Number of protein chains: 2
Amino acid sequence: MPEPSDAAADAAEPSLEEQIAAYQREFQDLDPQVEQVVSALQRLNRRMNVAYGRQTATLGLSNAEWEVLKALVVSGAPYQLGPGELAKRLGLTPAAMTHRIDRMANEGLVTRERDEANRVRVIVELTDEGREKWLEAMRLASVFEEDLLQDLNGAERHLLGQVLTRLLRRVEDAQPDADGRLSDLD
Amino acid sequence: MPEPSDAAADAAEPSLEEQIAAYQREFQDLDPQVEQVVSALQRLNRRMNVAYGRQTATLGLSNAEWEVLKALVVSGAPYQLGPGELAKRLGLTPAAMTHRIDRMANEGLVTRERDEANRVRVIVELTDEGREKWLEAMRLASVFEEDLLQDLNGAERHLLGQVLTRLLRRVEDAQPDADGRLSDLD
DNA sequence: GCTTCGAACTTTAGAGTTGAAGTCTTCAGG
DNA sequence: CCTGAAGACTTCAACTCTAAAGTTCGAAGC
């Protein structure tokens, strides 16, 4: 069996601190405090998505499907949206939405039918089964989220929520949502 | 031209507050404070990724390529890593890494060569051009990040960084990185 | 030294996405 | 009416990722 090898191949996954130190070494103008916030935010979000993915998988749901269910639930009763609107909210192209709805309709999570009042439009509607799946996933997610924030007291939670919301408002104002397509994940 | 239509099709993109209100309506047990933190975090990260994507695009770089550049820079001089190691750090399968390296080598951002000391291994190395691209992207990113945090004073930045890092540590400890594959984006 | 096992990467087939072109429907004008 | 223009969705080809083989090389056993 080959040794663990020292041939410039492992070097162990860098911790957040090591990552920031490396950036500073290569780019002197970097503000370490800013980078700490940004990098922690990105890593945290990434790990959370992994966790959500595992949870929804236990329900036989992909993360992609969960996104659709969430959008429909947020839209409120009667839980109907058009493919185009869904695509915009999820940051996908309409083409991708078409196929995703195909799959979900086959699984019975949503129905797809033409709007008889305006036959150009299509209406995607959550089924009872889809709504139930969303609820199950939500139960799992809320347990995970509560556990994640466990070490933060009420004041800290409030403060964190406020600060993040302020930052969010800043980005949303700055970006007039010129289409709102997201490009990749981190 | 069809009217803006009232046929259950638009309903305007929901704000963060509206989204949380909708969740509460459908799932009584939800803690609105927890949800505020989680939802703001996710939306913020998403918008940031859109912004990063636009910036790197102006440099002729995809977000995917930028991820590779970052990993190589963080690894430090001589900026070498194997495909397998890169794949693990980016949360991709080795197969995907093979193709991504193909593309980037064609563009001259990295080189790929067999390790002559151990011919099973392959060494991916950052080129000078790749390093320069990273630097340009980093300059853009740091401006954006500084602007994003502009409204936060030093104490707030510090606190935010600390709290996020605490949360990150909690997730990383809880998930023994059972492979570290990430499943989807939000 | 030949064989076997394991490690690291690549190849292949299939799912899912994008961007561009195509279809169908509605509305406005002549 | 009949035609033209625009909107909403779908179809098609090219690309990227995953999962599962396949290939190549190195190390250990007999």
Side-chain angles (χ1 to χ4, degrees), chain A residues 1-10 49-50 53 57 61-68 80-107 110 112-124 179-185, chain B residues 1-10 50 53 57 62-68 80-107 110 112-124 179-185:
Chain A
M1 186 194 303
E3 295 181 38
S5 162
D6 47 24
D10 1 69
N49 281 338
V50 173
L61 216 57
S62 76
N63 227 332
E65 291 169 328
W66 191 33
E67 294 298 322
V68 176
Q80 297 178 338
L81 286 174
E85 184 61 26
L86 275 170
K88 195 160 55 166
R89 297 193 185 188
L90 299 191
L92 296 175
T93 58
M97 209 56 231
T98 294
H99 297 312
R100 202 179 271 195
I101 291 167
D102 281 346
R103 301 192 291 272
M104 293 182 69
N106 277 336
E107 295 171 27
V110 302
R112 184 221 310 258
E113 55 186 69
R114 300 208 85 85
D115 181 351
E116 286 308 327
N118 180 345
R119 299 183 40 74
V120 175
R121 293 181 182 280
V122 169
I123 297 178
V124 177
D179 199 1
R181 183 120 316 127
L182 54 93
S183 28
D184 211 317
L185 68 167
Chain B
M1 187 194 305
E3 295 182 38
S5 162
D6 47 26
D10 2 68
V50 173
S62 76
N63 228 334
E65 291 169 328
W66 191 34
E67 294 298 322
V68 177
Q80 298 178 338
L81 286 174
E85 184 62 27
L86 275 170
K88 196 161 54 167
R89 296 193 187 188
L90 271 58
L92 297 175
T93 59
M97 212 53 233
T98 293
H99 297 310
R100 203 180 268 194
I101 292 166
D102 281 346
R103 301 191 292 270
M104 293 182 70
N106 278 336
E107 295 170 27
V110 301
R112 184 222 309 259
E113 55 186 70
R114 301 210 84 86
D115 181 350
E116 286 306 329
N118 181 344
R119 299 181 44 73
V120 175
R121 292 179 182 283
V122 169
I123 298 178
V124 177
D179 199 3
R181 185 120 314 128
L182 52 93
S183 28
D184 211 317
L185 69 167

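Since the model is a prediction, treat every value here as computed from it, not as a measurement. Excluded from the calculations below are hydrogen atoms, water molecules and symmetry mates; all remaining heavy atoms, backbone and side chain alike, are included. Lettering follows sequence order; numbering is per chain, from 1.
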Where the side chain of [X] is defined as all heavy atoms beyond and including C-beta, which of [options] is the nearest nucleotide?
| X | options | value |
| --- | --- | --- |
| B/V122 | D/dC9, C/dT11, C/dT10 | C/dT10 |
| A/T98 | D/dT11, C/dT17, C/dA7 | D/dT11 |
| A/R119 | C/dT26, C/dG19, D/dC25 | C/dT26 |
| A/N118 | C/dT10, C/dT26, D/dT18 | C/dT26 |
| B/R100 | D/dA20, C/dT18, D/dC17 | D/dC17 |
| A/T93 | C/dT18, D/dC17, C/dT10 | C/dT18 |
| B/V120 | D/dT18, C/dA7, D/dA8 | C/dA7 |

- prompt: Can you tell me if the side-chain N/O atoms of B/R103 get under 4.0 Å from OP1 or OP2 in D/dT16?
  reply: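 B/R103 to D/dT16 OP1/OP2: side-chain N or O found under 4.0 Å.
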- request: Kindly say if A/R112 contacts the phosphate of D/dA8, meaning a side-chain N or O under 4.0 Å from OP1 or OP2.
  value: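 No.
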Closest-nucleotide 5' rank along DNA chain C - winner of A/R114 and A/H99: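 Between the two, 5'-proximity favours A/H99.
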- request: State, yes or no, whether a side-chain contact exists between A/L86 and A/R100 at a heavy-atom distance under 4.5 Å.
  value: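 Counting from C-beta outward, A/L86 and A/R100 never come under 4.5 Å.
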- request: With sequence neighbours left out, write down each residue that passes salt bridge (Lys or Arg N to Asp or Glu O under 4.0 Å) with B/R112, or none if nothing qualifies.
  value: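 B/R112: salt bridge (Lys or Arg N to Asp or Glu O under 4.0 Å) contacts with B/D102.
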message: Tell me every residue that passes salt bridge (Lys or Arg N to Asp or Glu O under 4.0 Å) with B/R103, counting only those two or more places apart in sequence or in another chain.
response: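 Salt bridge (Lys or Arg N to Asp or Glu O under 4.0 Å) list for B/R103, sorted by chain: empty.
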